[in-house]
Amino acid sequence: MSGRQAPSRAAPVLAGVAGALLAGLGALGGAHFGVAGDVGVLALVLLAAGGLGAGVALLYVNAVLRRQTGNDAAIASRLDALDIVVHLSPEVGGRESAADHAKRLDVLAVGVSRLREIAEGVHGVEALFDMRGRLTWISPSIQRLTGWSPSACLEAPDALALLVHESDRRYCQRMAQRVAEGSPGEDFEMRLLREDGHICWVACHWRPLGRDGTQPAGLRMSAEDIQARKEAEYKLLETVTELRRAQALRERYLARSNDERQRLSALLNVIRLGILFMDRDHRVLYYNRAMLDIWGFPPDENLIGMRDVVLQSRVAELIEQPEAYFEHIDAVLRTYVVSEPHEVHFKDGRIVTDIAALVEAAQGRRGIGRLWIYEDVTEQRRTAQRLVELAEHDPLTGLYNRRRFHEELDRQLADASRRGGEVGLLAIDLDGFKPINDEFGHQAGDEVLVTLADKVGDVIRRNEMFCRLGGDEFGVVVPDAGENELCELARRIIEVIEGLRFDFGGRAVGITASLGIAIYPRHASSSEQLIAAADQAMYRSKSSGRDQWTMAASCPESARMSPTESHEPDCRRED
């Protein structure tokens, strides 16, 4: 009760007390003096006035008591409602006095103080806004998070403009408006703008604050600091980006590596060198198509992972001397240098060379395997042999040419000189060959030469060398032969040539030959002298009638053999 209300409420009470006193005095006077007389009348008046004042006082007291009871009920109802909200005071049953109300108010004050302490100590940010979006309260934690004091936030014309980063401000205002229009709540992430200009990420939650009818009494914003999480997300994002970039680079390098490998594989498959790589465990790690072709494997054969012993067993039946080849492989495996080319002869006539090299590992570790390179040199060998043949043989008749004749003659004379043996030389010149060329052409002459080389070659022994020296001139080198053997050979040659018949243009044509014989060292001491002696003897045969042979120096007259004469040589010597 205030000081102004006390006199107005005390006056009726005092009037009632005075009326009661007057009524008492009237009653006392009437009893003493009776009702008659002035005094009695006065007593009656006092009694009536006192009763009236007492009645008025009683009525006022009752009214005050009724009003006080109503106020106490309202206070109790409000305290109960507040207690239901905050749950701080114990429940009180029955009628409560003013003292009880005071106690409950004290308990509620303590509770409100605790709630304020809790609100001020929250880690996140709590803020209350009215329906117009004006900040009405904000927790002190805003200063720890942003550097802005609560008072600065409350004094700002627009707290959201002060606190929220411009990139997220409109979205935040739109979410608050949605809650004000009836949304049960909006959750999102946004950036707060710190006082120092930096940003801080928070998880923001807008909720309606209380409800009066269908409209909320205000808006509540809760914000949780997620800066550390965002930084972790950014770092994770950067890591993921870096990993993706690295993966993209790896994929790019892998694609380039695959392309390079395809190009290298195509190159290795195109070349005719067989390539085989064996790892340190003696297993096949790589091979190309040429390797399969060289060793006779099917094109779809898979050798990857095959041991060397299995591979050797597969190829053993293909080569002529497998044991010798496998010994060569064992010898190569014991070395650490590039091997020398080794020829492998196949049963089908092919010749293959192999070269092996140790593949060294990086950083000085032991080798990672061995590379084998195979080359089919069959055609090369054939070509080389063909070149040798062309260099040593007459291209028309296939007989040894003049160059090879001189080489063999020198070799035979040197060998005979060391052994003390003899070497015979037959010089052969055809009779009547030029007329055949002139009359029937060079093709006819070539036919005569080829046929003569073939037929005379049949009577030449293996150790004897039959050569074409040029044109229609031939020579035969005979090692370790005496005079009789040489004369017998000359007789056989003349007989074969005499028996040759050719048909050119419907005409039968035959030829003969003149021979000269010389023996080393009987007739000459060098190859040049021996050739000259044989030529001189051959020319004497021509001048003596042809179709005969003549022995050099010791045979002044020629021995002629005709079809009607004996086949035995008639050798006459010169003094």
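The basis for the numbers below is simple: all heavy atoms, side chains too, and nothing from hydrogens, waters or symmetry mates. Everything quoted here is computed from the prediction, not taken from an experiment.
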Could you measure the distance from the CG atom of Asp431 to the CD1 atom of Ile497? Nearest 0.5 Å is fine. 8.5 Å

Ion pair check, Arg419 and Asp480, cut-off under 4.0 Å: yes

Test item: Arg191 side-chain N/O and Val202 main-chain N/O as donor-acceptor pair under 3.5 Å: no

Electrostatic pair Glu233:Arg229 at N-O distance under 4.0 angstrom: yes

Tell me, do Phe188 and Met175 make a side-chain contact under 4.5 Å, heavy atoms counted? yes

Examine distances only and state if a side-chain atom of Ser543 and a backbone atom of Tyr539 form a donor-acceptor pair shorter than 3.5 Å. yes

Derivation and outcome, salt bridge (charged side-chain N to carboxylate O under 4.0 Å, His left out), residues Asp259 and Arg256: CA-CA 5 Å; Asp259 293 343; Arg256 293 178 60 182; over 6 Å; no

Looking only at heavy atoms, which two atoms of Glu464 and Pro479 are closest? And how far apart? CA-CD, 4.4 Å

Do the side chains of Arg403 and Glu407 get close enough for a salt bridge, i.e. N-O under 4.0 angstrom? yes

Measure the shortest side-chain to side-chain distance between Val477 and Val423 over non-hydrogen atoms and say whether it is less than 4.5 angstrom. yes

Any chance OH of Tyr336 has more than 12 other-residue heavy atoms, nucleotides or ligands included, within less than 6.0 Å? no

Would you check if there is a donor-acceptor pair between the side chains of Thr397 and Asp394 at a distance under 3.5 Å? yes

Does a salt bridge link Arg350 with Asp348, judged by any charged N lying under 4.0 Å from a carboxylate O? yes

Close side-chain approach of Leu399 to Phe474, heavy-atom, < 4.5 Å: yes

Between CG of Leu390 and CD of Glu392, what distance do you get to the nearest 0.5 Å? 10.0 Å

Can you measure from OG1 (Thr353) to CD1 (Ile294) and round to the nearest 0.5 angstrom? 8.0 Å

Distance-only, no hydrogens or angles: does the Glu301 side chain make a donor-acceptor pair with backbone N or O of Pro298 under 3.5 Å? no

Test your reading of the model: is there a side-chain donor-acceptor pair from His198 to the backbone of Arg194, 3.5 Å cut-off? no

Using the rule given for side-chain contact (heavy atoms from CB on, under 4.5 Å), can you reason through Leu430 versus Leu452, listing the C-alpha separation, both sets of side-chain angles and the distance that settles it, and then say yes or no? CA-CA 10 Å; Leu430 300 183; Leu452 181 143; 3.2 Å; yes

Kindly say whether Ile271 contributes a backbone atom to a donor-acceptor pair with the side chain of Asn288 at under 3.5 angstrom? no

In sequence, state the C-alpha distance, the side-chain angles, and the governing distance for Val352 and Val377, and then conclude on side-chain contact (heavy atoms from CB on, under 4.5 Å). CA-CA 6 Å; Val352 174; Val377 296; over 6 Å; no

Report the C-alpha distance between Thr146 and Leu193 in whole Å, list the side-chain angles of each, state the deciding distance to 0.1 Å, and finish with yes or no for side-chain contact (heavy atoms from CB on, under 4.5 Å). CA-CA 7 Å; Thr146 66; Leu193 187 63; over 6 Å; no

Between Glu447 and Thr451, is there a side-chain donor-acceptor contact under 3.5 Å, judged purely by atom types and distance? no

Side chains of Phe440 and Val509, heavy atoms from C-beta outward: is any pair under 4.5 Å? yes

Can His393 and Asn401 be counted as having a side-chain donor-acceptor contact under 3.5 angstrom? no

Going by heavy atoms in the side chains, are Phe504 and Val448 under 4.5 Å from each other? yes

Rounded to the nearest 0.5 Å, how far apart are CD of Glu473 and CG of Asp535? 7.0 Å

Whether Arg522 and Glu483 form a salt bridge (side-chain N of Lys/Arg under 4.0 Å from carboxylate O of Asp/Glu) is what I want to check. yes

Is a side-chain donor-acceptor pair under 3.5 Å present for Thr241 with Glu238? no

Indicate yes or no for a side-chain donor-acceptor contact from Arg501 to the backbone of Glu498 under 3.5 Å, with no hydrogens or angles considered. yes

Using ring centroids (six-membered ring only for Trp), state whether Tyr400 and Phe466 fall under 6.0 Å. no

Just wondering, do Glu323 and Tyr325 contact through their side chains at under 4.5 Å, heavy atoms? no

Checking side-chain polar atoms at under 3.5 Å, does Ser541 have a donor or acceptor matched by the opposite partner on Thr550? yes

Do the charged groups of Glu260 and Arg263 touch, with an N to O distance under 4.0 Å? yes

Is the distance between the ring centroids of Phe277 and Tyr287 under 6.0 Å? no

Inspect the surroundings of CZ in Arg144 and state if more than 12 heavy atoms from other residues, nucleotides or ligands are less than 6.0 Å away. yes

Short question: side chain of Gln529, backbone of Ser525 - any donor-acceptor pair under 3.5 Å? yes

I'd like to know if Glu343 pairs up with Arg381 as an ion pair, taking the criterion as any Lys NZ or Arg NE/NH1/NH2 lying under 4.0 Å from an Asp or Glu carboxylate oxygen. yes

Carboxylate-amine/guanidinium proximity below 4.0 Å for Asp458 and Lys455: no

Please determine whether a side-chain nitrogen of the Lys or Arg among Asp472 and Lys434 lies less than 4.0 Å from a carboxylate oxygen of the Asp or Glu. no

Under-4.0 Å salt bridge between Glu320 and Lys347: no

NE2 of His406 to CZ of Arg411, rounded to nearest 0.5 Å, is 15.5 Å

Stepwise side-chain contact (heavy atoms from CB on, under 4.5 Å) check, Leu515 with Met538: CA-CA 5 Å; Leu515 279 68; Met538 181 267 296; 5.8 Å; no

Does some side-chain heavy atom of Asp354 sit less than 4.5 Å from a side-chain heavy atom of His328? yes

Counting only N and O atoms by type, is there a donor-acceptor contact under 3.5 Å from the side chain of Arg170 to the main-chain atoms of Gln173? no

With side chains defined as the heavy atoms from C-beta onward, is the minimum distance between Asp429 and Lys542 less than 4.5 Å? yes

Residues Glu488 and Arg491 bridged, charged N to O under 4.0 Å: yes

Can a salt bridge be assigned to the pair Asp503 and Arg507 using a cut-off of 4.0 Å between side-chain N and carboxylate O? no

Could you measure the distance from the CG atom of Leu311 to the CG atom of Leu276? Nearest 0.5 Å is fine. 6.5 Å

Between Glu231 and Gln227: side-chain donor-acceptor atoms closer than 3.5 Å: yes

